[in-house]
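Before any comments, here is the structure.
When a ligand or atom number is given, it counts from 1 through the structure's own listing order.
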Amino acid sequence: MLKNIGYLGPVGSFSHEAAESLFRPDLYRHTPLTSIPDVISAVDKGSVDLGVVPVENAIEGSVTATLDWLVHQVNLPIVAEFLFPISQCIVAHPDQKNTPANKIKKIMSHPQAIAQCRVYLKEKYPQAEWVFTDSTSQAAKIVADSPNEPWIAIGARQAAVMNELDILESHAEDHSNNVTRFIVISKNEDTWSKDSKLFKTSLQVTLPKDYPGALYQVLASFSWRKINLTHIESRPTKTGIGNYFFLIDADLPVEHVLLKGCIEEIEAIGCKIRVLGSYPCFSFLEKAIH
Ligand SMILES: O=C(O)C(=O)Cc1ccccc1
């Protein structure tokens with residue numbers, strides 16, 4: 001039976017494009033789901049085999065909905081990473097394509113997409129209200145279903161094509177080289193092709209208590225072993241102001257002797273470490289895994 005890939009839908013989202021370019025549509029079934037938590041929970045419950053969700057964007061940074069759901073709501077490994085170039089299009093229903101910019105009332109999209117275009121939107125549509133949706137393609141669908149409303153959406157070219165919308169602008173983001181990092185999650189780590197040059201390990205590090213130099217000690221363990229870190233950020237533990245854990249990505253597989261030693265050393269100073277995944281990394285140019 002074909003493996004089932006859950007992605008943030010409806011059709012035409014960036015997640016859809018990423019999922020289809022990673023998992024060939026002739027070899028996999030692709031299932032659109034309503035929100036990022038829904039994708040992750042569907043993998044957790046087993047209603048899909050794998051899930052593709054955005055985790056970081058080059059312009060707007062982390063997708064905190066993804067990070068928090070992975071950390072707090074489930075215990076599922078990240079099994080791959082995929083870097084995918086994107087560009088934000090401003091799309092309108094054909095009946096609204098001649099509506100002057102100053103008459104546009106609503107701009108709809110996923111909050112990440114709106115944030116990537118903030119300066120552009122403020123300049124071109126200063127009067128318009130921003131309306132956040134679960135995905136860019138959901139916004140495109142609402143605009144497609146509302147031909148009489150002076151609304152526009154921000155999303156992928158694919159969303160315009162699939163919803164028969166006009167593209168008013170095809171690079172609305174405020175900075176060039178817009179790239180999104182997607183991750184694949186699955187209960188089953190070993191169904192995976194490990195055929196990649198680059199491996200990463202994502203760690204959740206909780207310090208024993210807040211004292212001067214605590215994080216410095218953790219970072220020193222990576223530093224003297226010359227382990228390269230590709231990402232570090234703090235997220236609230238949600239137990240009170242000032243309580244944080246750290247999410248650290250190191251570019252070695254977890255079984256590597258250096259990373260093993262590093263984790264042991266960090267645990268020895270009293271930190272709690274959870275491995276969120278150790279996984280191959282792919283980029284759009286290398287393309288599909290299978
Ligand atoms: O809404 C989408 O199309 C997504 O896949 C989420 C997203 C939103 C903005 C940038 C990258 C991914």
Are F282 and F82 near enough that their ring centres are under 6.0 Å apart?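 When the ring centroids of F282 and F82 are compared, they turn out to be at least 6.0 Å apart.
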
Smallest separation among heavy atoms of P54 and T66, with atom names: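 In this case the closest contact between P54 and T66 is O-OG1, 2.7 Å.
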
Would you call E169 and K124 a salt bridge, using N to O less than 4.0 angstrom?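 So E169 does not pair with K124 through a salt bridge.
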
Salt-bridge present (E81, R181; N to O < 4.0 Å):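 So E81 pairs with R181 through a salt bridge.
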
Which class fits the ring pair F182 and F84: parallel under 30°, tilted 30 to 60°, perpendicular over 60°?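 Ring orientation, 0 to 90° scale: perpendicular.
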
Filter the ligand 1-protein atom pairs down to N or O on both sides and distance under 3.5 Å, then list them.
| residue | atom | partner | partner atom | Å |
| --- | --- | --- | --- | --- |
| ligand 1 | 1 (O) | T136 | N | 2.7 |
| ligand 1 | 1 (O) | T136 | OG1 | 3.3 |
| ligand 1 | 3 (O) | F14 | N | 2.8 |
| ligand 1 | 3 (O) | T136 | OG1 | 2.5 |
| ligand 1 | 5 (O) | S15 | N | 2.8 |
| ligand 1 | 5 (O) | S15 | OG | 2.5 |

In the hydrophobic cluster built from side-chain contacts under 4.5 Å, what are the other members alongside W130?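 Members alongside W130: I90, I104, I107, I114, Y120, L121, Y125, F132, I152, I154, L168.
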
